S.K.: 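Below: one structure in structure tokens.
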Number of protein chains: 2
Amino acid sequence: MNDRSTTPVGQLSRQMLVDSVYDRLMALIMDQQIRPGSKISIDALVRELGVSSTPIREALARLEADGLVLKESMRGYFATEQLSAAEFDDLCQFREVVEGWAVSTAALRATKADIEALQAELDTVPRPLDGDDYESFRRLQEHDVRFHMRLLQIAGNQALTTAFQRTHPHVRTFRLRYEAKQGNSAIREHEAIVAALRQGDPKGAQDALISHIRATANRIRPWLDT
Amino acid sequence: MNDRSTTPVGQLSRQMLVDSVYDRLMALIMDQQIRPGSKISIDALVRELGVSSTPIREALARLEADGLVLKESMRGYFATEQLSAAEFDDLCQFREVVEGWAVSTAALRATKADIEALQAELDTVPRPLDGDDYESFRRLQEHDVRFHMRLLQIAGNQALTTAFQRTHPHVRTFRLRYEAKQGNSAIREHEAIVAALRQGDPKGAQDALISHIRATANRIRPWLDT
DNA sequence: TTTCCGTGTTTCGTACACGATACGCGATGC
DNA sequence: GCATCGCGTATCGTGTACGAAACACGGAAA
């Protein structure tokens with residue numbers, strides 16, 4: 001989403017203030033240093049981040065489009081509330097529909113190179129997942145995002161990939177995932193998906209993916225409403 | 001998307017400048033008065049719309065999230081290019097996946113009231129579709145958007161509805177739809193969908209919807225690349 | 001307790017300074 | 001003569017500073 005590396009012909013595009021503010025706010029929200037539902041004051045950010053209001057407003061506008069903050073007229077911005085159980089289930093259902101179609105399509109389209117790229121992604125995960133610490137989790141989470149995005153890309157539908165990306169399912173369940181500590185099982189489920197893709201089995205891949213999403217959901221669900 | 005009627009407890013939220021700028025730009029893009037691919041200068045808009053840059057920037061940020069304009073660092077905003085054939089097909093595929101699931105779910109969930117609301121929506125369309133003029137088309141288009149949104153709402157998945165809404169399939173094919181003049185057939189296909197829903201037939205509803213999307217796509221496709 | 005009002009805080013919008021990009025023109029090299 | 005390169009100017013995006021309007025909160029009065 002934030003890969004604004006337009007990169008005008010070989011030259012790295014300068015990091016605008018908007019981008020760094022966006023990244024910092026995203027991090028603050030993900031780590032819950034900005035609590036769900038709490039007010040996000042532009043003035044406070046001006047003082048805290050040491051930049052003027054314009055880039056902050058633009059970053060907030062972007063975050064609003066991402067569904068991570070909410071704007072109320074003449075009242076300001078607020079962090080979106082923690083997912084309710086119903087919203088969480090909606091999100092999982094959405095993933096089943098979109099990713100389910102994507103993997104079954106991917107099973108028919110995947111090249112050798114695609115499969116190997118997926119395998120390489122799996123192999124880079126440090127195993128056994130030793131660390132209980134925040135950084136280890138963060139690396140795992142980033143692996144998970146890359147893995148699922150790659151599945152979508154293999155399916156090859158840009159509109160669908162973008163729509164998925166914009167719902168930010170990973171970001172919105174970040175804290176929950178952290179608390180649920182679900183690393184090793186998730187990796188095994190990923191392997192099952194890759195195995196089905198390798199055999200070119202659409203139905204098998206779809207089943208494996210849906211099992212994975214449901215298993216993840218079951219691991220996370222106890223942490224809702226806390 | 002632009003229903004920012006946060007409405008702080010019964011009181012209508014004041015129309016901010018951002019909102020009116022957003023609406024005007026949306027109209028300019030839909031009507032192709034801003035050509036696909038062309039530059040959108042902030043300064044020019046400042047002069048033309050008579051407001052300062054801040055609300056314009058925020059409106060453009062929103063439109064970027066909607067995928068209707070594109071921003072390049074230090075170079076400015078551009079209207080997104082006209083859909084290529086491949087992008088158009090992606091969009092149709094996306095609709096088949098998302099809306100297909102939605103109607104089959106809707107067939108199981110729809111109440112009498114839901115069905116009647118859909119029927120009412122169909123009945124409000126002026127028939128026979130006499131006007132070849134722009135205004136008639138516009139009314140038809142708005143009907144179509146309402147009809148499809150209502151289908152999604154009956155399915156009851158907010159995450160999926162939002163994701164669909166944010167891809168703006170209708171907006172992005174507006175001009176094409178206008179040129180393809182496809183009114184009467186579309187209405188009949190809508191009726192087939194409602195009939196299947198009325199019978200509580202998930203498979204039938206899904207088939208009817210997919211037929212509708214493909215028929216629409218076939219009517220529109222000749223107008224691509226013009 | 002409820003309503004009204006004043007004060008402080010924050011958002012919304014404007015005006016302006018700075019810096020980067022784009023474009024045209026002329027000079028240079030082949 | 002033609003293409004390429006470099007320079008200077010105009011234009012536009014980015015960020016700052018400031019004023020005006022709206023909201024939120026607390027105290028006072030009925």
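Note on naming: letters A, B, ... go to the chains in the order of the sequence lines (proteins, then strands), and numbering restarts at 1 for each one. As a basis for the values below, the full set of heavy atoms in this structure was taken, side chains included, without hydrogen atoms, waters or symmetry mates. What you see is a predicted model; the values in this text were computed from it and never measured.
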S.K.: Between C:dT10 and A:K71, is there an OP1 or OP2 to side-chain N/O distance shorter than 4.0 Å?
M.R.: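 Indeed not, no polar side-chain atom of A:K71 lies that close.
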
S.K.: Looking only at N and O atoms, is any donor in the side chain of B:R57 or the base of C:dG13 less than 3.5 Å from an acceptor on the other one?
M.R.: no

S.K.: Please determine whether a side-chain nitrogen or oxygen atom of B:R75 lies at a distance below 4.0 Å from atom OP1 or OP2 of C:dA20.
M.R.: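 No.
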
S.K.: Check this for me, if you would: do B:E87 and B:R172 make a salt bridge, where the nitrogen-to-carboxylate-oxygen distance has to be below 4.0 angstrom?
M.R.: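 Salt bridge between B:E87 and B:R172, a charged N being under 4.0 Å from a carboxylate O: no.
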
S.K.: The side chain of B:M16 is closest to which nucleotide in this list: C:dG13, D:dT16, D:dT14?
M.R.: C:dG13

S.K.: Applying a 4.0 Å non-hydrogen cut-off, can you work out what B:I40 is touching in the nucleic acid: base, sugar-phosphate, or nothing?
M.R.: sugar-phosphate

S.K.: Under 4.0 Å between a side-chain nitrogen and a carboxylate oxygen: does that hold for A:R109 and A:D114?
M.R.: no

S.K.: Which nucleotide in the set D:dC23, C:dT14, C:dT11 lies at the smallest distance from any side-chain heavy atom of A:I42?
M.R.: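 Of D:dC23, C:dT14, C:dT11, C:dT11 is nearest to the side chain of A:I42.
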
S.K.: Kindly assign one of parallel, tilted or perpendicular to the pair B:Y178 and B:F137, based on the angle between their ring planes and the thresholds 30° and 60°.
M.R.: tilted

S.K.: For B:R47 and C:dT14, what is the distance between atoms CZ and P respectively, to the nearest whole Å?
M.R.: 15 Å

S.K.: Quick one: does any side-chain atom of B:R166 pair with a main-chain N or O of A:A65 as donor and acceptor, under 3.5 Å?
M.R.: yes

S.K.: Provide, to the nearest angstrom, the distance between the OH atom belonging to A:Y77 and the P atom belonging to C:dT9.
M.R.: 23 Å

S.K.: In whole Å, I'd like the distance from the CD1 atom of A:I56 to the C1' atom of D:dT14.
M.R.: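 It is 14 Å, rounded to the nearest whole Å.
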
S.K.: How many whole angstroms separate atom CG of A:D19 from atom C1' of D:dT14?
M.R.: 12 Å

S.K.: Between B:E72 (CD) and C:dA20 (C1'), how many Å, whole number?
M.R.: 14 Å

S.K.: Starting the side chain at C-beta, find the nucleotide from C:dA20, C:dG13, D:dG15 nearest to B:M74.
M.R.: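 From the listed options, C:dA20 comes nearest.
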
S.K.: Just the rounded figure in Å: distance from C1' of D:dA20 to CG of B:L17.
M.R.: 13 Å

S.K.: Please determine whether a side-chain nitrogen of the Lys or Arg among A:K39 and A:E72 lies less than 4.0 Å from a carboxylate oxygen of the Asp or Glu.
M.R.: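 Result for this pair is no, no salt bridge flagged.
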
S.K.: Hey, is the side chain of B:S52 poking within less than 4.0 Å of OP1 or OP2 on C:dT14, counting only N and O atoms?
M.R.: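 B:S52 to C:dT14 OP1/OP2: side-chain N or O found under 4.0 Å.
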
S.K.: Base, sugar-phosphate or nothing for A:S41? Non-hydrogen atoms, less than 4.0 Å.
M.R.: sugar-phosphate

S.K.: If you check every side-chain atom of A:D43, which of C:dT10, D:dG15, C:dT14 has the closest atom?
M.R.: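 When the side chain of A:D43 is considered, C:dT10 is the closest of C:dT10, D:dG15, C:dT14.
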
S.K.: What is the distance, to the nearest angstrom, from the CG atom on B:L60 to the P atom on D:dC12?
M.R.: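 After rounding, the gap between these two atoms is 14 Å.
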
S.K.: Select one nucleotide: of C:dT11, D:dG15, C:dT14, the one nearest the side-chain heavy atoms of A:K39.
M.R.: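 Nucleotide nearest to A:K39's side chain: C:dT11.
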
S.K.: Could you tell me the separation between the CG atom of A:L45 and the P atom of C:dT10, rounded to a whole number of Å?
M.R.: 11 Å

